[in-house]
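Right, one structure below, let's go through it.
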Amino acid sequence: MCLAVPLKLTKIDGNDAVGELDGIQRRIRVDFLKNPQPGDYIIAHAGFAIEKLNEQQALDNLQALREVADAL
C-alpha cells in the first residue's frame, strides 16, 4: 500500500526539492505544482509533490496519521 504524506518544502532547485516531516527530509520532484515555494505544504506520493495544502490542512492530515500510528 502506498500513502501520500504531507511535507513542508524546505529547498527548491528547479523541479527538484526537499520536503521535511518531523525532521526527516525527502528529495521530491515538484513538476506537477504551479509556482512551488519554500515553506509551502504539499502532499507527496512516490517521490512527487502532487498537491499544495494550506498549513491547517497539512496539520490536520498529520494529526490523523499520528492517531492511526498510535492506534496500531
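What you see is a predicted model; the values in this text were computed from it and never measured.
Between V30 and G14 the shortest heavy-atom distance is CG2-O, 3.9 Å. In plain terms, the two heavy atoms of A44 and I28 that are nearest each other are CB-CG2, 4.3 Å. Looking at every heavy atom in both residues, A49 comes nearest to L33 through CB-CD1, 3.5 Å.
Q57 and N61 form no side-chain donor-acceptor contact under 3.5 Å, judged by distance and modelled atom types alone.
Two different hydrophobic clusters hold L9 and F48 under the rule that ILVMFWY side chains link at heavy-atom gaps under 4.5 Å. In terms of hydrophobic clustering, with Ile, Leu, Val, Met, Phe, Trp and Tyr side chains grouped at heavy-atom distances under 4.5 Å, L7 and Y41 are assigned to different clusters.
How far CG of L65 is from CG of L21: 8.5 Å, rounded to the nearest 0.5 Å. Between atom NZ of residue K52 and atom NZ of residue K34 there is a gap of 9.0 Å, rounded to the nearest 0.5 Å. With values rounded to the nearest 0.5 angstrom, Q56 atom CD is found 10.5 Å from Q63 atom CD. Taking NZ of K8 as the start and CD of E20 as the end, the distance is 8.5 Å to the nearest 0.5 Å. Of the inter-residue distances, the one linking E55 atom CD with D60 atom CG reads 10.5 Å to the nearest 0.5 angstrom. Of the inter-residue distances, the one linking D31 atom CG with I50 atom CD1 reads 13.0 Å to the nearest 0.5 angstrom.
Between P6 and I43, the closest side-chain pair of non-hydrogen atoms falls below 4.5 Å. Between I12 and D40 there is no side-chain heavy-atom pair separated by less than 4.5 Å. Residues L62 and D22 are not in side-chain contact: their nearest non-hydrogen atoms beyond the backbone lie 4.5 Å or more apart. Contact check for V18 versus R26: no side-chain heavy atoms found under the 4.5 Å cut-off. Using a 4.5 Å cut-off on side-chain heavy atoms (C-beta onward), P36 and I42 make no contact.
Atom CG of N54 is surrounded by more than 12 heavy atoms from other residues, nucleotides or ligands within 6.0 Å.
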